Amino acid sequence: MNKKIIIANLKLNGNLKYIKKYIKKLNKYINSKIYKIFIAPPILYLYFSNLIINNKNIKLVSQNIDKNFSGSYTGEISGKMLKDINTKYVIIGHSERKKYHKENNKTILKKIIATKKSNLIPIICIGENIEEYNKKKSKNICKKQIQYIIKNNNIKILKNTIIAYEPIWAIGTGKNADINHINKIHKYIIKYISSINKNIIKKIKIIYGGSINDKNICNIITNKYVDGLLIGKSSWKIKNFTKLLNIINNLK
Ligand code: PGA
């Protein structure tokens with residue numbers, strides 16, 4: 001069985017002392033046969049995290065990337081810089097970046113291209129808002145977000161990527177999508193991409209994110225269409241995150 005991907009998205013939280021303690025604890029959770037750990041600290045701490053991670057089994061994830069490689073772009077960070085400090089993955093199109101930084105399909109595609117050109121792996125977030133969910137448009141919204149990438153680039157750009165299905169209404173709200181809904185959407189994404197290219201889909205992982213906690217994790221992670229989880233709030237306290245890892249470790 002392929003190992004499930006478990007990503008801790010620390011968002012804008014922590015300080016040096018916290019990151020040090022966090023990774024020290026995480027270093028003890030690397031030998032699972034069931035999951036691989038990915039950590040997305042605030043970008044400022046990626047370099048330091050890399051220095052104290054003592055095992056290749058913990059992968060570094062950046063929460064952002066710039067679409068440019070160098071030049072007059074004050075405040076930005078390039079893919080090459082991320083690669084330079086051993087980052088492997090980049091979260092792109094997170095709903096918080098869409099909301100607070102007005103990222104749209106066009107920016108997201110440019111960031112995916114920059115990520116790929118830097119030999120990093122994009123974690124592409126897609127998902128519907130509450131109105132779209134209520135109107136039963138979830139499938140169509142997810143399709144459109146993927147379709148934009150394919151139409152304006154090429155299906156091949158999706159090879160070796162991770163797609164994170166993150167319904168916006170489930171992020172940080174305490175209301176996770178139920179497993180039937182997740183199952184339906186993940187299957188639909190597979191069907192849609194396969195209808196365009198049967199081989200590429202084998203090289204894509206589809207993970208879920210949105211209000212994962214110790215009560216719902218078992219049901220979601222054991223689903224065969226869920227390749228992993230993107231976890232926000234429940235990963236911020238190392239005690240809570242390791243509780244989730246222990247739950248997964250104890251799965252039969
Ligand atoms: P949450 O965040 O687990 O706090 O809902 C998930 C995410 O933002 O990816």
Side-chain angles (χ1 to χ4, degrees), residues 4-14 18 22 26 35-43 45-46 49 58-65 87-103 107-108 111-112 115 121-130 132-133 138 141-142 145-146 161-179 181-182 185-186 189 204-223 226-248:
K4 304 267 180 172
I5 297 162
I6 307 295
I7 311 174
N9 181 6
L10 302 185
K11 306 193 181 182
L12 186 58
N13 294 295
Y18 158 91
Y22 196 98
L26 223 47
Y35 60 75
K36 284 188 273 193
I37 301 174
F38 291 31
I39 174 170
I43 294 182
Y45 299 121
L46 279 169
S49 303
I58 302 178
K59 308 284 183 207
L60 277 181
V61 180
S62 175
Q63 294 179 23
N64 192 21
I65 186 172
T87 306
K88 296 272 186 292
Y89 298 82
V90 183
I91 298 172
I92 299 175
H94 191 281
S95 72
E96 286 152 14
R97 293 214 54 91
K98 287 180 183 149
K99 184 173 172 191
Y100 302 118
H101 301 273
K102 308 282 171 267
E103 290 193 4
T107 329
I108 291 166
K111 289 190 172 196
I112 296 171
T115 302
I121 300 176
I123 299 167
I124 307 164
C125 301
I126 59 167
E128 77 285 358
N129 64 28
I130 189 68
E132 291 157 346
Y133 173 74
S138 309
I141 295 296
C142 290
Q145 290 170 358
I146 300 170
T161 62
I162 298 171
I163 293 177
Y165 171 54
E166 295 215 302
I168 297 167
W169 51 270
I171 299 177
T173 58
K175 286 185 207 146
N176 63 286
D178 71 53
I179 190 61
H181 180 76
I182 298 171
I185 300 298
H186 284 213
I189 296 169
I204 300 173
K205 302 262 183 232
I206 305 174
I207 65 173
Y208 167 81
S211 295
I212 287 292
N213 59 35
D214 56 339
K215 310 273 181 313
N216 58 32
I217 192 165
C218 262
N219 216 2
I220 299 176
I221 197 67
T222 49
N223 187 278
V226 174
D227 294 318
L229 302 171
L230 181 47
I231 306 174
K233 215 176 248 169
S234 298
S235 73
W236 297 346
K237 284 193 178 142
I238 187 65
K239 189 168 69 114
N240 294 346
F241 189 54
T242 52
K243 186 174 180 187
L244 300 184
L245 297 178
N246 284 327
I247 291 173
I248 305 176

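Read the numbers this way: they start at 1 and go in the same order the structure lists the ligands and their atoms. These numbers were taken from a predicted model, which means no experiment stands behind them.
- For ligand 1, the atoms lying closer than 4.0 Å to a non-hydrogen atom of H94 are 7 (C), 8 (O), 9 (O).
- When side chains are defined from C-beta on, I58 counts as touching L26, because their heavy atoms get closer than 4.5 Å.
- Counting the atoms of ligand 1 from 1 in the order shown, those under 4.0 Å from a heavy atom of S211 are 1 (P), 3 (O), 5 (O).
- A side-chain donor from one of W169 and E128 sits under 3.5 Å from a side-chain acceptor of the other.
- Of the options G172, G174, G232, the smallest heavy-atom separation from atom 5 (O) of ligand 1 is shown by G172.
- Interface atoms of ligand 1 facing I171, defined by a heavy-atom separation under 4.0 Å, are 2 (O), 5 (O), 7 (C), 8 (O).
- With values rounded to the nearest 0.5 angstrom, N219 atom CG is found 9.0 Å from D178 atom CG.
- Put simply, no part of S95 is less than 4.0 Å from ligand 1, judged by heavy atoms.
- The ligand atoms of ligand 1 that sit less than 4.0 angstrom from a heavy atom of G210 are 5 (O).
- Residue I248 holds its CD1 atom at 5.0 Å from CD1 of I221, rounded to the nearest 0.5 Å.
- Nearest to atom 9 (O) of ligand 1 among the protein's heavy atoms is E166 OE2, 2.6 Å.
- For the residue pair N64 / K111, a side-chain donor-acceptor distance below 3.5 Å is found, with atom types taken as modelled.
- When only modelled atom types and interatomic distance are considered, Y165 and H181 share a side-chain donor-acceptor pair under 3.5 Å.
- I220 and A177 get closest at one heavy-atom pair: CD1-O, 4.2 Å.
- Of the polar atoms of S234, none of the N or O atoms is found under 3.5 Å from an N or O of ligand 1, judged by distance alone.
- Ligand 1 places these atoms under 4.0 Å from at least one heavy atom of A170: 5 (O).
- Of all protein heavy atoms, the one lying nearest to atom 4 (O) of ligand 1 is K233 N, 2.9 Å.
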